[in-house]
Amino acid sequence: MQALVLQPQEPAPTNKGDRYDQLVLRTLQRPDVPSDHILIRLHAASLNHRDVFIRQGLYPRIKYGSILGSDGAGVEVETGRRVLINPSVNWKADLRAPEKPEEYGMLGLLPFPGDGQVAGTLAEYIVVPSSLVHEIPSHLSFTEAAALPLAGLTAYRATFSQGQVNSHSTVLISGIGGGVALFCLQFCVAVGAKVYVTSSDPDKIQKAVSLGAHGGANYREADWEKQIRQTCPAFDVVIDSAGGDAIAAYLRLLRPGGTLVTYGATARPAATILMPNIFLKQITVKGSTMGNEVEFANMLKLVADKQLRPVVSAVWKGLSSAEDAMEVMRKGGQMGKLVIELCVENSPRL
């Protein structure tokens with residue numbers, strides 16, 4: 001089978017900040033199938049920022065020779081079922097955190113702790129534990145299904161398990177355009193919440209409005225917080241992926257008793273905040289990343305019940321085009337998920 005394998009950058013960069021390891025297309029043996037595992041012929045895989053971050057060396061214990069990729073959809077070889085994969089491994093049902101954090105892992109986050117059979121989705125075939133394999137909602141194509149797992153799961157947990165969003169909620173979602181933020185928007189709108197967004201791109205704000213947001217503001221403008229307040233004086237929930245200086249503004253924008261959910265720090269990992277803005281307003285701050293198997297199943301049910309479709313920004317054909325897709329992800333200009341189709345037979349009825 002063909003697969004994209006992580007290899008060291010050549011020549012090695014002199015500046016650590018310039019690191020960007022190679023993805024090399026290799027022909028490998030099709031993986032063995034242990035008991036309680038399933039062999040899947042992948043029809044589509046989607047990218048996540050973590051794929052770029054791994055190539056930049058921003059994760060610990062990276063192992064060269066590994067296959068990247070966390071999201072994939074295809075056909076179970078033995079039965080012909082149309083399936084997608086939950087990339088969150090060894091987290092059963094505990095709502096707080098993985099039951100055994102030392103055994104938890106994600107497809108494409110390397111090295112995987114425990115099972116050498118588990119690789120990434122940027123390959124023609126993958127073997128995964130059967131508990132992680134789910135049927136694709138009937139209204140989705142392979143391309144759409146591949147865009148769903150990691151971002152959909154992360155958004156579901158951030159929105160519902162941590163944010164407790166419901167039909168009465170007012171929600172602010174930062175950084176609209178990324179896969180998780182867009183799913184947060186779609187999920188909030190699906191349950192009747194009132195949503196506002198931020199972005200540095202006015203076109204992305206308008207796209208969010210077309211998807212059901214009530215409005216938004218460009219966070220690069222000095223008075224963005226004032227603009228938001230003019231449309232919604234206070235929020236029940238803020239869902240953020242950027243961290244950095246905006247955290248202080250989010251705490252001001254939350255109503256007393258509100259909740260800040262954070263699932264990333266793409267702007268800056270450190271934030272300066274005034275603690276009284278938290279305790280005097282009874283604010284709850286919740287960290288969130290990925291989710292458990294129950295949350296993944298519930299996310300799929302919501303997608304199926306509401307007939308939601310992932311926002312796909314662009315599609316490439318074949319693993320050989322992955323570098324082009326990676327460059328788009330690296331620059332961050334997309335509005336939605338970036339998908340690589342691995343099979344020409346990409347009909348939703350296969």
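No donor-acceptor distance shorter than 3.5 angstrom exists from the side chain of Ser130 to the backbone of Ile38, with no hydrogens or angles considered. Judged by distance alone, with hydrogens and angles left aside, the side-chain atoms of Thr259 form no donor-acceptor pair with the main-chain N or O of Gly163 at under 3.5 Å. Checked by atom type and distance alone, the side chain of Glu76 never pairs as donor or acceptor with a backbone atom of Ile40 at under 3.5 Å. Between the side chain of Gln9 and the main chain of Tyr20, a donor-acceptor pair closer than 3.5 Å is present. Remark: the backbone N or O of Arg309 is paired with a side-chain donor or acceptor of Gln186 at under 3.5 angstrom. Between the side chain of Arg30 and the backbone N or O of Glu124, no donor-acceptor pair lies under 3.5 Å. A donor-acceptor pair is defined here as one N or O able to donate and one able to accept, closer than 3.5 Å; such a pair exists between the side chain of Ser313 and the backbone of Met335. The closest donor-acceptor contact from the side chain of Asp305 to the backbone of Leu302 lies at 3.5 Å or more, if one exists at all. Not a single donor-acceptor pair under 3.5 Å links the side chain of Ser169 to the backbone N or O of Asp236. Of the possible donor and acceptor atoms, one in the side chain of Gln162 sits under 3.5 Å from a partner among the backbone N and O of Gly287.
Leu4 is not listed as a side-chain neighbour of Leu68, based on a closest heavy-atom distance of 4.5 Å or more. Put simply, the side chain of Met299 does not reach to within 4.5 Å of the side chain of Phe183, judged on heavy atoms. Between Leu300 and Leu84 there is a side-chain heavy-atom pair separated by less than 4.5 Å. The side-chain heavy atoms of Thr170 and Arg255, taken from C-beta on, include no pair separated by under 4.5 Å. In this structure, Pro87 and Asp71 have side chains that are in contact, with non-hydrogen atoms separated by less than 4.5 Å. Using a 4.5 Å heavy-atom cutoff, the side chains of Thr159 and Ile239 are in contact. Counting heavy atoms from C-beta outward, Val180 and Ser241 have side chains that stay 4.5 Å or more apart. You'll find the side chain of Leu95 reaches within 4.5 Å of the side chain of Asn292, heavy atoms only.
Atom NZ of Lys100 is separated from atom CG of Asp94 by 12.5 Å, given to the nearest 0.5 angstrom. Here Ser70 contributes atom OG and Leu153 contributes atom CG; the two are 11.5 Å apart, rounded to the nearest 0.5 Å. To the nearest 0.5 Å, the span separating CD on Gln56 from CD1 on Ile62 amounts to 10.0 Å. Distance check, rounded to the nearest 0.5 Å: CH2 of Trp91 to CZ of Arg96 gives 11.0 Å. Atom-to-atom distance recorded for Lys194:NZ and Ser167:OG is 13.5 Å, nearest 0.5 angstrom. Taken from CE in Met329 to CG in Asp51, the straight-line distance is 7.0 Å, to the nearest 0.5 Å.
The two residues Ala44 and Val339 come nearest to each other via the heavy atoms CB-CG1, 4.1 Å. Phe235 and Val171 get closest at one heavy-atom pair: CD2-C, 3.5 Å. Scanning both residues, Ile205 and Gly216, for their nearest heavy atoms gives CG2-CA, 4.0 Å. The two atoms that bring Gly179 and Lys337 nearest to each other are CA-CD, 4.0 Å, heavy atoms only. Heavy atoms only, all atoms of each residue included: Phe187 and Gly152 are closest at CE1-O, 3.4 Å. Contact detail for Tyr219 and Trp224: the closest heavy-atom pair is O-CD1, 3.5 Å.
Ion pairing between a basic and an acidic side chain is recognised when a charged N comes within 4.0 Å of a carboxylate O; Glu99 and Lys92 show no such pairing. Between Glu144 and Arg82 there is no salt bridge, since none of the side-chain N atoms of the basic residue sits less than 4.0 Å from a carboxylate O of the acidic one.
The number of heavy-atom neighbours closer than 6.0 Å to CD of Gln29, taken from other residues, nucleotides and ligands shown, is 12 or below.
Residues Leu6 and Val52 share a hydrophobic cluster, clusters being chains of Ile/Leu/Val/Met/Phe/Trp/Tyr side chains in contact below 4.5 Å. Tracing side-chain contacts under 4.5 Å through hydrophobic residues (I, L, V, M, F, W, Y), one never reaches Phe160 starting from Leu172; they form parts of separate clusters. No path of Ile, Leu, Val, Met, Phe, Trp and Tyr side chains, each step under 4.5 Å between heavy atoms, connects Ile176 with Leu253, placing them in separate hydrophobic clusters. Hydrophobic clustering places Val191 together with Tyr156 (ILVMFWY residues linked when any side-chain heavy atoms are closer than 4.5 Å, directly or through intermediates). In terms of hydrophobic clustering, with Ile, Leu, Val, Met, Phe, Trp and Tyr side chains grouped at heavy-atom distances under 4.5 Å, Ile283 and Tyr263 are assigned to different clusters.
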Before you tell me yes or no, could you show the steps for Arg50 and Met106 under side-chain contact (heavy atoms from CB on, under 4.5 Å), namely the whole-Å CA-CA distance, both residues' side-chain angles and the distance that decides it to 0.1 Å?
CA-CA 11 Å; Arg50 73 175 56 254; Met106 290 169 262; 3.5 Å; yes

Given the rule in the side-chain hydrogen bond (donor to acceptor under 3.5 Å, both in side chains) test, do Asp240 and Ser174 qualify, once you have shown the distances and angles that lead to the verdict?
CA-CA 5 Å; Asp240 175 61; Ser174 72; 2.7 Å; yes

Test log, rule side-chain contact (heavy atoms from CB on, under 4.5 Å), inputs Val285 and Ile247
CA-CA 11 Å; Val285 180; Ile247 294 295; over 6 Å; no

Begin with the C-alpha distance, continue with both residues' side-chain angles, and end with the deciding distance and a verdict on side-chain contact (heavy atoms from CB on, under 4.5 Å) for Ile126 and Ile67.
CA-CA 10 Å; Ile126 188 172; Ile67 300 171; over 6 Å; no

side-chain contact (heavy atoms from CB on, under 4.5 Å) between Glu293 and Leu132, worked out
CA-CA 8 Å; Glu293 292 182 17; Leu132 302 180; 4.0 Å; yes

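Note on ring orientation: taking the six-membered ring where Trp is involved, the planes of Tyr59 and Phe53 are tilted (angle from 30° to 60°). Ring-plane geometry between Tyr196 and His214 is classed as tilted, the angle between the planes lying from 30 to 60 degrees on a 0 to 90 degree scale. The aromatic rings of Phe296 and His134 sit tilted relative to each other, their planes meeting at an angle between 30° and 60°.
No option in Val195, Ile173, Val165 other than Ile173 meets the side-chain contact (heavy atoms from CB on, under 4.5 Å) test with Cys184. Just one of Leu122, Thr121, Leu319 meets the side-chain contact (heavy atoms from CB on, under 4.5 Å) condition when paired with Leu342; it is Leu319.
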Could you list the donor-acceptor pairs under 3.5 angstrom formed between side-chain atoms of residues 269-281 and any protein atom two or more places apart in sequence or on another chain?
residue	atom	partner	partner atom	Å
Lys281	NZ	Leu251	O	2.7
Lys281	NZ	Arg252	O	3.2
Lys281	NZ	Leu254	O	2.4

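Residues passing the salt bridge (Lys or Arg N to Asp or Glu O under 4.0 Å) test with Glu295, sequence neighbours excluded: Arg157.
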